[in-house]
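Quick note on labels: first sequence line is chain A, next is B, and so on, each numbered from 1.
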Amino acid sequence: MSRYEPSLIEPKWQGAWNEAETFKAVRSEDKPKYYVLEMFPYPSGRIHIGHVRNYTMGDVIARYKKAVGHNVLHPMGFDAFGMPAENAAMASGGHPKTWTYDNIDTMVSQMKPLGFGLDWSRMFATCDPEYYGQQQALFLDFLEAGLVYRRNAVVNWDPVDMTVLANEQVIDGKGWRSGAEVERRELTQWFFKISDFAEELLDAIDGLDDWPAKVKLMQANWIGRSRGLQFAFSTVEAPEGFDRIEVYTTRPDTLMGASFVGVSPDHPLARQLERHSPEVAAFCAEARKGGTTEEALEKAEKLGFDTGIKVRHPFDTSWELPVYIANFILMEYGTGAIFGCPAHDQRDLDFARKYDLPVASTFVPLAGDHVLPEDGGEAYVPPKTETVRFVRGLQGEVEQTGEEAIDSTVDFCEANGVGQGVTKFRLRDWGLSRQRYWGCPIPVVHCDTCGVVPEKKENLPVVLPDDVGFDIPGNPLDRHPTWRDTPCPKCGATARRETDTMDTFVDSSWYYARFTAPRAETPTDMAEAAYWMNVDQYIGGIEHAILHLLYSRFFARAMQITGHLPASAIEPFDALFTQGMVTHAIFETKDANGRPVYHFPEEVELVDGGARLKDGTAVEVTSSAKMSKSKKNVVDPADIIARYGADTARWFVLSDSPPERDVEWTASGAEAAYRHLGRVYRIAAEVAGAEDTPGKGDEDLLRAMHKCIFDVTQGVESFGFNAAIAKLYAFTNTLQKSGAGTAAKREAARTLAQLMSPMTPHLAEEIWQMLDGVGLVAEADWPQADEAMLVEDSVTLPIQINGKRKSEITVAKDLPKDEVEKVVLADPAVQKALDGGSPKKLIVVPGRIVNVVV
RNA sequence: GCCCGCGUGGUGGAAUGGUAGACACAGGGGACUUAAAAUCCCUAGGCCGAAAGGCCGUGCGAGUUCGACUCUCGCCGCGGGCACCA
């Protein structure tokens, strides 16, 4: 009998699928379509097990949907622009383009042996001029439709390297290479008007029935609709033109507890004062230090500068509040000015205590031993839905919720001409400008006479020049005269190209649409898009829950407005699944200076409970973490395939852990998966070679088979791949131990192969062929569970006494409740517990459980 | 700091509010073998007990319920996101 040899059977069946063009997606009206998409990878170098897991899940869905009669589109591409390519070029002197395309070649050559049912003919990379040229066309259409504009926005500025830094390049407020303290600096940048869609993007979340609730909640919070009050303080002794300061607040009910007004260092008032006062200028310069992230702002020490200017409280003009310039207020949020209410905001309270400003509670809890913030307690910040007692409200002493108080304050302010109730969104416009080379050039030209002029569509793509160097920091496009200088598309005079490139989120915001017609001469082909869109099942990491998915939802709307997608596709992803990461233990020793040294798993030997290097050095095994090259806790799929084959890798990444949770890669787990597949192969080969003989238990085996069909189908449909695999293990055990006749065993083994085929497609083909299956199992119809074979006629009911399981009874499935009660009361364990008495309560849940309360 | 998750044996994990630990890994015992590998069988949450059996047990603390891993509230720990990482 032959052995299970993946290295022989896997290439063979991959060849057969290619030959038959099994996975080529062709538009056809005779079957329902199904579009399954995994978030495409960044070409970082080599694929890792996390990729294998992600694409295997998609492949299971794709192969299963094909088997149940769909016309499936399952494409693959690369998200190929971005910083790592430039960093590699800086580190080793190569070119981002070479680095990127080499990586893509490597990754494709690693992915193909995994046997994914992908339509490779549709592959593209976002750095292909054919792709980004169409993206430039989209940009021009968006510009024309008024969906794009320019304005100033802050960036992280490295004053030593004279360059813009990404947030991840700012470490503890310092530039990653120069070590210089980073400053926030304003630049004129391009923006997509996503905020125009805030309400629509928020409301449409309700319709995303097959998205995880947590993702919908995160998006809703991110968009952040709030009802608040916008009003102006009138100033005292302010410079000319600053007789009012506009503020927005979501807590107008705390207005009577106001204690100061704060403005951003970039507020026009601060800018004005800065010009005349060196102290203000020094404070603002200091306040601008540090990164731009919300996290950095929130965690930085809160500092203020008293301008000496006062404002009048809107409800009591004799009440004056000081105006501070404060480092934690960003000009880009709201109006760039706030009022501080220390009693009901911890940040304001810290600020007030630091600068000795008054603290006055406007409301207190209904009950409990509350220490007022004015008496040294914490700021009191209850949820807006909680009822509190107002002590300094506009209506005097009332008990109401924050919401009620906010509404009545807004009404009062509107009636008295103090301000206006407005609905605002937290969502800000999407800044797409990047001062970097390796991205899609923004196709506009700056002309001294005509201003900002869009490039003509016939001049697209605006291709990145190849002759650039990365030895000096900054954007090489800025210092490339022959690329930068170009005739103005309008007047023909010499003008300058825009040297900013696009955020890589732009690239990934429409690739799903491009896959429907990847070679079209326009961004999309409407007939293809109308047929294939939407993505029926989108699969990717939870880390993309907000930005990527929100930007894609915006793009689908913008593409619909500009005629590139049908209206039916404005929500591009019908169903979303967020999978967990693959983690691995980290192996660590220390060098002579006590610094950690990391080791690849294959360098480490595991010995009873401990670990050591080949030379005997003890290795510390630290808890499992996301695989990363720097920690060397990576497993290369190529090694796994070489050792065990693709099917083992696929089977293992799906088993054990639920797909949405992280999975820990362990060598022993992979070994076990391999042994199991070998066992399935042996059982099938034995059955295939057996003489036709009758046996005992045919019906039991076939019942188990139908139960398995039912369970696996349900598992695959509901992303319960680990549960489906557990059922396949159990059924394999049943089959192995079965004494059934050869015919029944053949049927069982063939069905087993089919049920395994989405996960281990090569092995499944091999067994299918051994057992005389017709054609390719990849093209066969999915087995149907026979309902009649699933019905059990008797059922085992556990008996609980006071909620603890003490006994069980087996009764006919449809035995009436009162009959069940009789059987229960006769049970010895129940008799013993009752001790002659009668039960307080007897709960019978039909087909489930019995609980006796004594 | 803010938003969102997660937490179950030695390990990965299973469980429409209804028998906690399915299935698997590692472990222990056994069969086959001159031996090993491979394969197969048995065992297996903790504590007490010879056994029958009993008690405890899903991060911690409360609550709702006949019944809570599951729902509610509070805490602890870990992870994801925070708008220029992708």
Side-chain angles (χ1 to χ4, degrees), chain A residues 39 41-42 44 79 81-84 87 153 155-156 164-170 189 194 212-215 217-222 224 291-300 328 332 346-347 426-436 503-505 507-508 541-548 550-551 578 580-581 583 606 608-609 623 625-626 655-658 660-666 668-669 671-673 675-676 678-679 682 720 722-723 725-730 733 736 796-800 802-808 839-843 845 847-853:
Chain A
M39 290 180 185
Y42 179 78
S44 54
D79 187 16
F81 275 135
M83 286 204 313
N87 294 341
V155 293
N156 301 304
V164 177
L165 299 179
N167 286 333
E168 70 158 11
Q169 296 173 319
V170 179
Q189 308 203 59
I194 189 172
K214 62 179 170 183
V215 174
L217 190 55
M218 280 190 265
Q219 291 225 348
N221 289 342
W222 185 263
T292 57
T293 65
E294 198 170 301
E295 187 186 3
L297 292 169
E298 286 286 339
K299 285 186 174 167
F328 56 87
E332 291 181 21
Q346 190 60 41
R347 183 184 66 185
R426 204 183 79 98
L427 179 66
R428 312 199 302 259
D429 277 334
W430 172 10
L432 69 122
S433 293
R434 296 292 180 270
Q435 294 71 39
R436 273 185 262 284
D503 177 8
T504 56
F505 272 124
D507 311 336
S508 55
I542 187 69
E543 67 272 24
H544 296 292
I546 297 174
L547 293 178
H548 162 63
L550 192 61
Y551 290 157
T578 55
M581 300 177 297
T583 62
L606 294 173
D608 38 55
S623 66
K626 180 175 174 170
S655 58
D656 289 357
S657 263
E660 68 276 15
R661 233 192 284 179
D662 294 349
V663 63
E664 167 146 338
W665 181 274
T666 60
S668 58
E671 178 71 35
R675 282 207 308 266
H676 177 72
R679 186 160 68 110
R682 272 196 314 279
N722 57 323
I725 283 180
K727 302 292 186 187
L728 286 166
Y729 268 109
N733 291 341
Q736 186 169 31
T796 301
L797 292 181
I799 298 174
Q800 292 184 333
N802 292 336
K804 283 185 181 274
R805 183 189 169 280
K806 293 289 174 183
S807 179
E808 63 180 37
K840 224 182 203 173
K841 208 165 181 181
L842 186 57
I843 295 137
V845 185
R848 274 282 169 199
I849 201 164
V850 179
N851 193 7
V852 186
V853 185

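- Positionally, the nearest nucleotide of RNA chain B for A:Ala730 lies more toward the 5' end than for the other of A:Ala730 and A:Lys806.
- In this entry the distance linking NE2 of A:His676 with C1' of B:A26 reads 18 Å, nearest Å.
- Comparing A:Ile849 and A:Leu217, the nucleotide of RNA chain B nearest to each residue sits closer to the 5' end for A:Leu217.
- Note: A:Trp430 and A:Tyr551 have parallel aromatic rings, judged against thresholds of 30 and 60 degrees for the angle between ring planes.
- Here the CD1 atom belonging to A:Ile725 is positioned 8.5 Å from the NE2 atom belonging to A:His676, to the nearest 0.5 angstrom.
- Distances shown here put every side-chain N or O of A:Arg428 at or beyond 4.0 Å from the OP1 or OP2 atom of B:A83.
- Side-chain proximity of A:Asn167 to the nucleotides B:A22, B:A86, B:C85 is greatest for B:C85.
- Computed from coordinates, the A:Gln736 CD to B:A24 C1' distance equals 15 Å when rounded to whole Å.
- The side chain of A:Arg661 has B:A14 as its nearest neighbour among B:A22, B:C56, B:A14.
- Note on A:Gln219: every side-chain N or O is 4.0 Å or more away from OP1 and OP2 of B:C4.
- Using a 4.0 Å heavy-atom distance criterion, A:Thr796 is classed as making no nucleic acid contact.
- Residues A:Val853 and A:Asn802 meet the side-chain proximity criterion, which asks for heavy atoms closer than 4.5 Å.
- Residue A:Arg347 is out of contact with every strand shown, counting any heavy-atom pair closer than 4.0 Å.
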- Query: What pattern of brackets, bars and dots sums up RNA chain B from 5' to 3', given Watson-Crick or G-U wobble pairs under 3.5 Å, [ ] for crossing pairs and | for another strand?
  - Reply: (((((((..(((.....[....))).(((((.......))))).((((....))))..(((((..]....))))))))))))....

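- Using a 4.5 Å heavy-atom threshold, the side chains of A:Trp222 and A:Leu547 count as touching.
- A donor-acceptor pair under 3.5 Å is formed between the side chain of A:Gln219 and the backbone N or O of A:Ala545.
- Among the nucleotides B:C25, B:A14, B:A83, the one closest to any side-chain atom of A:Leu427 is B:A83.
- Here B:G81 is the nucleotide among B:C23, B:G13, B:G81 with the atom lying nearest to any side-chain atom of A:Glu543.
- For the OP1/OP2 pair of B:C23 and a distance below 4.0 Å, the side-chain nitrogens and oxygens of A:Asn722 include no atom meeting the criterion.
- A:Val164 comes within 4.0 angstrom of a nucleotide base, judged by non-hydrogen atoms across all strands.
- Within 4.0 Å of A:Val155, counting heavy atoms only, lies at least one base atom of the nucleic acid.
- Checked by distance alone, A:Arg848 brings a side-chain donor or acceptor within 3.5 Å of a matching partner on the base of B:U16.
- Atom CG of residue A:Leu165 and atom CD of residue A:Gln435 lie 10.5 Å apart, to the nearest 0.5 angstrom.
- Following rounding to the nearest Å, A:Ile799 (CD1) and B:U19 (P) show an atom-to-atom distance of 14 Å.
- The structure places CD1 of A:Ile849 at 10.0 Å from CD1 of A:Ile843, a figure rounded to the nearest 0.5 Å.
- Backbone-only contact: A:Lys214 has heavy atoms under 4.0 Å from sugar-phosphate atoms and none from a base.
- Looking at heavy-atom distances under 4.0 Å, A:Gln169 makes no contact with the nucleic acid at all.
- Phosphate proximity of B:C23 to A:Asn733: absent, as no side-chain N or O sits under 4.0 Å from OP1 or OP2.
- Look at A:Thr504 and you'll find a side-chain N or O under 4.0 angstrom from OP1 or OP2 of B:A86.
- Nucleotide B:G30 is shown with an anti base, its glycosidic torsion being more than 90° from 0.
- In the set B:U19, B:A22, B:A86, B:A86 carries the atom at the smallest distance from any side-chain atom of A:Pro84.
- In this structure, of B:C84, B:G13, B:C23, it is B:C23 that holds the atom nearest to the side chain of A:Tyr729.
- When rounded to the nearest whole Å, the span between CZ of A:Arg682 and C1' of B:C40 equals 10 Å.
- The nearest whole Å value for the distance from the CH2 atom in A:Trp222 to the P atom in B:G80 is 16 Å.
- Under the rule for a side-chain contact (heavy atoms from CB on, under 4.5 Å), the partners of A:Asp429 that lie at least two apart in sequence or sit in another chain are A:Tyr149, A:Arg151, A:Phe191, A:Lys193, A:Ile194, A:Ser195.
- The residue A:Gly224 sits apart from the nucleic acid: no heavy atom pair falls under 4.0 Å.
- The side chain of A:Met218 lies closest to B:C4, out of B:C25, B:C84, B:C4.
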Look for any protein N or O under 3.5 Å of an N or O in nucleotides 61-69 of chain B and output each such pair with its distance, or none.
unit_1, atom_1, unit_2, atom_2, d
B:C66, O2', A:Asn851, ND2, 3.3
B:C66, O2, A:Asn851, ND2, 2.6

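- Contact annotation: A:Arg426 side-chain N/O to B:C2 OP1/OP2 distance is not under 4.0 Å.
- Atom CG of A:Leu432 and atom C1' of B:C84 are 11 Å apart (whole Å).
- If you check every strand for non-hydrogen atoms under 4.0 Å, A:His544 touches a base.
- Neither OP1 nor OP2 of B:G12 sits under 4.0 Å from any side-chain N or O of A:Ser657.
- A donor and an acceptor atom never sit less than 3.5 Å apart when one is taken from the side chain of A:Glu294 and the other from the base of B:C2.
- Judged by distance alone with a 3.5 Å cut-off, a donor-acceptor contact links the side chain of A:Gln189 to the base of B:C84.
- Set against B:A86, B:C82, B:G12, the side chain of A:Asp656 has B:G12 as its closest nucleotide.
- The closest side-chain donor-acceptor pair between A:Ser657 and A:Asn722, if any, does not fall under 3.5 angstrom.
- We find that CG of A:Leu550 is positioned 16 Å from P of B:G81, with the value rounded to whole Å.
- Between the CD atom of A:Gln189 and the CG atom of A:Asp503 there is a distance of 10.5 Å, given to the nearest 0.5 Å.
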- Message: I'd like to know whether A:Glu294 forms a salt bridge (charged side-chain N to carboxylate O under 4.0 Å, His left out) with A:Arg426, so could you lay out the CA-CA distance, the side-chain angles of the two residues, the decisive distance to 0.1 Å, and finally the verdict.
- Response: CA-CA 12 Å; A:Glu294 198 170 301; A:Arg426 204 183 79 98; 3.5 Å; yes

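- A:Trp430 comes within contact range of no nucleotide atom at all, as no heavy-atom separation falls under 4.0 Å.
- Taking atom CG of A:Leu297 as the reference point, atom C1' of B:C2 lies 12 Å away to the nearest angstrom.
- Considering only the side chain of A:Asn156, B:C84 comes nearest among B:G1, B:C84, B:A86.
- With rounding to the nearest 0.5 Å, the separation of OH in A:Tyr42 from CE in A:Met83 is 9.0 Å.
- When heavy atoms are screened at a 4.0 angstrom cut-off, A:Pro658 is found touching the sugar-phosphate backbone but no base atom.
- For the pair A:Asp79 (side chain) and A:Asp507 (backbone), a donor-acceptor distance under 3.5 Å is absent.
- Between B:G45 and B:G61, the two C1' atoms lie 23 Å apart (nearest whole Å).
- When atom types are taken as modelled, the side chain of A:Asn156 and the backbone of A:Gly291 share no donor-acceptor pair closer than 3.5 angstrom.
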